[in-house]
Amino acid sequence: MAASTSAAAASLPSSLHRPARRLCRRRSLLRAASTTAPPSPDLSIQLSPRPSPPASPPLVPSLARDRAEDLQAESRAMTRAAAATVYTPELLASRYGSQPFQVALRAAEVLSKLGAFGLTLLLDQRRGDESSEKRRARAVELRTILTRLGPTFVKIGQGLSTRPDLCPTEYLEELSELQDSLPTFPDEEAFACIERELGFPLDSIYSAMSPSPIAAASLGQVYKARLKFSGQLVAVKVQRPGIEDAIGRDFYLLRGLGFLINKYVDFISTDAVALIDEFARRVFQELNYVQEGQNARRFKKLYADKQDILVPDIFWDYTSAKVLTMEWIEGVKLNQQAAIESQGLKVLDLVNIGIQCSLRQLLEYGYFHADPHPGNILATPEGKLAFLDFGMMSETPEDARVAIIGHVVHMVNRDYEAMARDYYALDFLEPDVDVSPIVPALKNFFDDALDSTVSELNFKTIVDGLGAVLYQYPFNGMLYFV
């Protein structure tokens, strides 16, 4: 979740008004509470205990569990998520092939909005009006359209925001707003989902909870809470209601579009259907929060052995397919340079930590965080990098890891012709693409970057410059980098 554990939660309201009659009982629980422990300044809503709760969840702190107990808790979470959907093309066909009317309505909505946007781009091109200001304005329009079209297209926009080979800089910057600044859904639906998924009343799990989400992204939203059994602060991610059906219908439409592209669009050599299937498979995996917890555990085992890397613990007894409870981490987003420096931290030190961890992910184990935008990596007050949101992970094949190592060696040696040829081995370029025009662009970019001193480096300029190189030439993205 994009900003799931940001320290940006301000003072929250002291009460929450709930109109639904059936929720009057829960409303009475949201009041100033206990005298046994002072509330967090961010958690003004307290859930007071029931006189005689019918049941209560396990009361064993995760930090005190031995490995066997932790595995048992994880097994119980897996049981709760046993019915989670696994993506297959056949699944989409069986669900939506018999809904032609609903599919047609959705297709008309998507095509009308995106078609109108495409027409404005065409008119801009014919008028010769493609200035940076105009591209910025069109990027804002696209972000608004994708937000209104819903979670599937928000995910597509998030993916495009990290693809400088596909989008100009203005679009990259604007689409990055989709990472953690999205509309929320009603809190009552979120609280009801927690109780339904975990099988316990809210007040028997958490002693306090923020009355509104502290972050919202494409698939869910995050609350800050305090565990009742231990008093520990946690982040509670809750999935958007009805999202699986909405996403499934959209991917059914996109697969149909992919078949048309494969058949009639000659200049696109990539198998569009295979690309859509891979993307859909990963999005459906993100819908299973138990899988995300397991991803976090694996990532922590591989990379948190370094003291400057932090991965939050997962509380398995309070996790299911649609609810994820994880350790709360205070921190600042990496794109908030002033806030980082105000804590006495050096941005370049954090960049160095990030580069080393990224290289380990790509080259040592090949298991990497596939959504490392600034909202998913925080700088902690202690100077650590905290990784969040493990819904989308990927693995680099061994032959690609070898090719990447060779690419780094060629870059250090400034052998730009060899660097350009590496893109064949990495499947970034088709075999019939002439790399000779790319070599001068690589030379111009990397000579400037490699000749700069550390104090002269401007990382935004570097990223923008490399993005411009990627955007000018026909680079592809490997499926495991999608």
Side-chain angles (χ1 to χ4, degrees), residues 78-118 142 145-160 178 182-186 188-190 192-194 196-197 216-221 237-265 268 270-292 320-324 391-392 479 482:
M78 292 174 64
T79 300
R80 287 191 290 272
T85 302
V86 177
Y87 172 81
T88 64
E90 294 75 21
L91 172 72
L92 297 189
S94 65
R95 282 189 179 179
Y96 307 106
S98 59
Q99 301 179 14
F101 182 69
Q102 293 92 329
V103 170
L105 285 178
R106 179 59 172 167
E109 178 186 13
V110 172
L111 291 176
S112 62
K113 286 183 169 60
L114 293 182
F117 178 74
L142 179 59
I145 290 171
L146 295 178
T147 300
R148 290 174 177 172
L149 285 176
T152 308
F153 292 90
V154 169
K155 292 298 295 183
I156 292 173
Q158 289 173 342
L160 291 175
L178 295 171
L182 294 168
T184 63
F185 61 90
E188 296 304 342
E189 294 186 28
C193 177
I194 294 172
R196 184 173 59 252
E197 286 288 308
S218 54
L219 304 185
Q221 58 195 35
K237 182 158 72 170
V238 187
Q239 194 171 112
R240 291 182 181 273
I243 191 172
E244 183 180 309
D245 185 61
I247 285 178
R249 184 178 293 108
D250 285 342
F251 276 119
Y252 181 75
L253 287 174
L254 291 173
R255 287 193 91 247
L257 177 63
F259 280 113
L260 294 177
I261 291 174
N262 285 350
K263 186 173 182 180
Y264 297 110
V265 182
I268 297 181
T270 302
D271 186 339
V273 174
L275 198 64
I276 291 167
D277 282 339
E278 177 66 14
F279 186 51
R281 182 183 65 81
R282 295 190 185 187
V283 172
F284 269 77
Q285 284 182 346
E286 282 194 81
L287 292 177
N288 183 352
Y289 288 171
V290 171
Q291 178 64 56
E292 178 175 344
S320 71
K322 296 182 180 180
V323 176
L324 176 64
M392 189 170 287
L479 289 180
V482 172

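These figures come from a predicted structure and were not determined experimentally. Heavy atoms only: backbone and side chains are in, while hydrogens, waters and symmetry mates are out.
Between Ala272 and Ile261, the shortest heavy-atom distance links the atoms CB-CG2, 4.0 Å. Contact record, Cys193 with Lys322: SG-CB, 4.1 Å, taken as the closest heavy-atom pair. Gly248 and Tyr96 make their closest contact through C-CE1, 3.4 Å (heavy atoms, listed as atom of the first residue, atom of the second, distance). Pairing each heavy atom of Tyr87 with each of Asp277, the nearest pair is OH-OD1, 2.6 Å.
Heavy atoms from other residues, nucleotides or ligands lying under 6.0 Å from CZ of Arg281 number more than 12.
In terms of the side chain to side chain contact (heavy atoms under 4.5 Å, CB included) criterion, residue partners of Ile276 (sequence neighbours excluded) are, by chain and number, Phe251, Leu254, Arg255. Scanning for salt bridge (charged side-chain N to carboxylate O under 4.0 Å, His left out) contacts around Arg106 gives Glu109, Asp250, with sequence neighbours left out.
Between Leu253 and the choices Leu92, Leu111, Val103, Thr152, the side chain to side chain contact (heavy atoms under 4.5 Å, CB included) rule is met once, by Val103.
Without hydrogens or angle criteria, Asn262 side chain to Asp271 main chain gives no donor-acceptor distance under 3.5 Å. Judged by distance alone, the side chain of Arg282 and the main-chain N or O of Gly391 form no donor-acceptor pair under 3.5 Å.
Atoms CG and CG, from Leu219 and Leu287 in turn, are 5.5 Å apart once rounded to the nearest 0.5 Å.
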- Going through the checks in order, is the side-chain contact (heavy atoms from CB on, under 4.5 Å) test met by Met392 and Lys155? CA-CA 11 Å; Met392 189 170 287; Lys155 292 298 295 183; 4.3 Å; yes

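At a threshold of 4.5 Å between non-hydrogen side-chain atoms, the residues Phe279 and Ile156 count as touching.
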